[in-house]
Every structure is written in structure tokens, then in C-alpha cells.
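Single-structure report; data block below.
These figures come from a predicted structure and were not determined experimentally. Counting begins at 1 with the first residue of the sequence.
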Amino acid sequence: CKALAPAGHPTKTTASAQKLAAELKLAGCMRSHGLPGFPDPNSQGIFDRSRFNKTSPAFRAASNACKSLLAAVGPLPGR
């Protein structure tokens with residue numbers, strides 16, 4: 001279907017390279033601040049939420065340490 005999208009019209013099949021790079025950087029930060037199992041996003045920029053608990057103290061601590069990166073990424077897209 002991507003080929004059928006109007007020229008210049010963004011598709012949602014893959015995340016932009018810039019956004020994906022920011023999400024990968026965030027994932028690395030989260031892992032280095034106490035969440036070793038924090039996943040990288042997939043090619044669509046989606047995080048596997050089954051691999052972390054957003055209400056855990058470890059998540060909150062890592063989120064605080066990585067807050068500037070979280071601000072750049074925005075809400076964590078996940079499934």
C-alpha cells in the first residue's frame with residue numbers, strides 16, 4: 001500500500017529515521033539506568049511493553065535519569 005500513498009504523504013509503516021534514532025538512544029539510556037531488559041523499538045518505533053512495567057520503581061528511576069530523552073521521544077508507543 002505504501003506505493004499507493006500520494007507523493008509526500010507520510011506512511012505509518014516505518015518510523016522516521018530521526019525518531020527511531022531517538023527511541024534507540026532512549027532504550028540504551030533506560031538499560032544503562034537499571035532496566036537491562038528494556039527493549040529496542042521495532043522498525044515501526046513500537047516498544048514491546050510486555051518487557052517492562054511502567055509503574056515499577058526501577059522504571060520510574062530510569063525514566064527520571066533519561067527524562068530529556070523521554071521528552072524528545074514523547075509518549076512511548078507500545079503494544
Any N53 side-chain heavy atom under 4.5 Å of R60 side chain: no
Derivation and outcome, side-chain contact (heavy atoms from CB on, under 4.5 Å), residues S63 and M30: CA-CA 7 Å; S63 295; M30 297 293 278; 3.7 Å; yes
H33 NE2 to L35 CG distance, which is reported to the nearest 0.5 Å: 10.5 Å
Any side-chain heavy-atom pair of L76 and F52 under 4.5 Å: yes
Trace of the salt bridge (Lys or Arg N to Asp or Glu O under 4.0 Å) decision for D40 with R51: CA-CA 10 Å; D40 282 339; R51 297 191 43 206; over 6 Å; no
Side-chain heavy atoms of F47 within contact of E23, under 4.5 Å: yes
A58 to G34 - nearest heavy-atom pair and separation: CB-O, 4.3 Å
Pairwise side-chain contact, P41 with I46, heavy-atom cut-off 4.5 Å (strictly under): no
Exam field: side chain K19 to backbone V73, donor-acceptor pair closer than 3.5 Å: yes
Separation between CZ of F59 and NZ of K54, rounded to the nearest 0.5 Å: 5.5 Å
Distance-minimising heavy-atom pair for A27 and P39: CB-O, 3.5 Å
Nearest heavy-atom neighbours spanning L26 and C66: CD1-CB, 4.0 Å
